[in-house]
Number of protein chains: 2
Amino acid sequence: MGETKETSTGRVVEQLRALILDGELLPGERLRQEELADRLGASRVPIREALRVLAGQGLVRLVANTGAWVSSLTHDECVDLYRVRERLEPLLLEQSLPGLGRDELQEIDAARRAVDECRDVREFIALDRHFHSLTYQAAPDGYIKHEVGQLWDVTQYYRRRFTEMQDDRGRALIASEHGLLVDALMRGDSVAAAAVLEMHIRRTRLALQHAVHLFDG
Amino acid sequence: MGETKETSTGRVVEQLRALILDGELLPGERLRQEELADRLGASRVPIREALRVLAGQGLVRLVANTGAWVSSLTHDECVDLYRVRERLEPLLLEQSLPGLGRDELQEIDAARRAVDECRDVREFIALDRHFHSLTYQAAPDGYIKHEVGQLWDVTQYYRRRFTEMQDDRGRALIASEHGLLVDALMRGDSVAAAAVLEMHIRRTRLALQHAVHLFDG
DNA sequence: ATGCCGGTGATTGGATCCAATGCAAGTGCC
DNA sequence: GGCACTTGCATTGGATCCAATCACCGGCAT
């Protein structure tokens, strides 16, 4: 039951997504079809389909007959996305928690420690995402998990920028919240876990609301 | 400032979406590219792009090298979508309420009456959606409004099926909830409005959870 | 100088053509 | 008779070609 043979469009989607998430393509950057076709070794047809897919995911902005750009967010849009995360991620966590066993919980705690100890911004972004993903891993694949993934995707660039500005106090707060979250998970206390997670995202949103300077416009 | 000249892909997306929402294309139905190209008067290229877009919106299921089908939902998936609606729509309503003026509120109340009086299933679905859309109209266009629209889209077929099974008691409950919602809106009471709306969706979800027979599987 | 206008090149959008994949029917073998 | 295999066809995927659109630039008039 090996992989269903991947389509070229699918590969292009993954490659472009990776380039955007890694920050090699920055918000506002123009995406020319022919240039991408060269770079990714495909013709323009799968490129165009991929751009449409990524536009649907919010990573790319398409203007008819004109072109494609890497999406950028306004301050308000980004804050809005965090409000959505505040509401969806606790729900996802509740769906995941009952399925987390001893081994998964150990893995989660290890990931938490890795986040704590990390001082590099790019690595922090990856480790933090990995940590939260692990807490969601036992939730069924479906709309919510998919949507949460997209929310992380479209905000990734700004999370990185925001993390760059973070001081020790901010990092300490994150460490505390992650600690409380893991504790709740280990006790199987879904109410507490959801509450801590909502607070965690909410506090980040409020901090973000003061960081207007990260956004152009 | 006339319409930006629409692209062919865009038109196909709209036409296919309409066909699905109107129930002319049913969940599980196969979508053949050439057939659609004939029917909609375009070549296969914009059809393929449109199918990718609709797949991203969850209205179509694509399998590589095999084909496209109108999406169908399992019972669990549908219930999950309602849980998301429970969390997102109150948020959207809160964003809209402050922008609703006298005229809009009158229009909303008129729409509410129209829903109350309607006895035809297809018309009910349209009127109910129109009513709720009006309550959201003053919210800024953005991720949340867009996402909520998609949630209504992908559940449309099942809402219709569910409505068909509804008895007078169910209709009366909806009328009561809509009435309380409009009252809260008119008083500018966003807390009450959000609470009523959440209850409204939640109650529908619970009723839906007992309606397993609407789903194949 | 500034703002409007038209032409030209770069870029996107769509159609056709060809290749690749998968499914189904039919055949042979056990 | 049932099952695996093969062959052919329907359908999807990708590349190239051509048309349509837009942005940029220079010229002209005010």
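Only a predicted model underlies this, so the values are computations on that prediction, with no experimental measurement involved. Order of the sequence lines fixes the chain letters, A, B, ..., with proteins taken first and strands second; residue numbering starts at 1 for each chain.
Atom P of nucleotide D/dA10 and atom CG of B/Leu36 are separated by 18 Å, given to the nearest angstrom. Residue A/Trp69 contributes atom CH2, which lies 10 Å from atom C1' of D/dC22 at whole-angstrom precision. One interatomic measurement links the two molecules: CG of B/Asp38 to P of D/dT11, which rounds to 12 Å at whole-angstrom precision. Going from atom CG of A/Leu51 over to atom P of C/dT12 covers 9 Å, rounded to whole Å. In this structure, A/Arg32 atom CZ and D/dC22 atom P are separated by 17 Å, rounded to whole Å. Rounded to a whole Å, the CZ atom of A/Arg30 is 13 Å from the P atom of C/dA10.
In this structure, a donor-acceptor pair under 3.5 Å is absent between the side chains of A/Trp152 and A/Glu147. Side chains of A/Arg39 and A/Gln15: a donor-acceptor N/O pair is absent below 3.5 angstrom, by distance only.
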- Task: Might you work through the side-chain hydrogen bond (donor to acceptor under 3.5 Å, both in side chains) test for A/Gln95 and A/Tyr136, ending with a clear yes or no?
- Result: CA-CA 8 Å; A/Gln95 293 191 352; A/Tyr136 303 141; over 6 Å; no

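Looking at heavy-atom distances under 4.0 Å, B/Ile47 makes no contact with the nucleic acid at all.
Aromatic rings from A/His178 and A/His132 are positioned such that their centres are separated by under 6.0 Å.
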Nucleotides 13-17 of chain C: which of its N/O atoms have a protein N/O under 3.5 Å away?
{"from": "C/dG13", "atom 1": "OP1", "to": "A/Asn65", "atom 2": "N", "distance (Å)": "3.4"}
{"from": "C/dG13", "atom 1": "OP2", "to": "A/Gln33", "atom 2": "NE2", "distance (Å)": "3.0"}
{"from": "C/dG13", "atom 1": "O3'", "to": "B/Thr7", "atom 2": "OG1", "distance (Å)": "3.2"}
{"from": "C/dG13", "atom 1": "N7", "to": "A/Arg44", "atom 2": "NH2", "distance (Å)": "2.8"}
{"from": "C/dG13", "atom 1": "O6", "to": "A/Arg44", "atom 2": "NH1", "distance (Å)": "3.4"}
{"from": "C/dG14", "atom 1": "OP1", "to": "B/Thr7", "atom 2": "OG1", "distance (Å)": "3.1"}
{"from": "C/dG14", "atom 1": "OP1", "to": "B/Ser8", "atom 2": "N", "distance (Å)": "2.6"}
{"from": "C/dG14", "atom 1": "OP2", "to": "B/Thr9", "atom 2": "OG1", "distance (Å)": "3.4"}
{"from": "C/dG14", "atom 1": "N7", "to": "A/Arg48", "atom 2": "NH1", "distance (Å)": "2.7"}
{"from": "C/dA15", "atom 1": "OP2", "to": "B/Ser43", "atom 2": "N", "distance (Å)": "2.9"}
{"from": "C/dA15", "atom 1": "OP2", "to": "B/Ser43", "atom 2": "OG", "distance (Å)": "2.7"}

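Taking the centre and axis of the six-membered ring of A/Phe162, the NZ or CZ atom of A/Arg159 falls outside the cone set by 45° and 6.0 Å.
A salt bridge links B/Asp153 with B/Arg129: at least one charged nitrogen is closer than 4.0 Å to a carboxylate oxygen.
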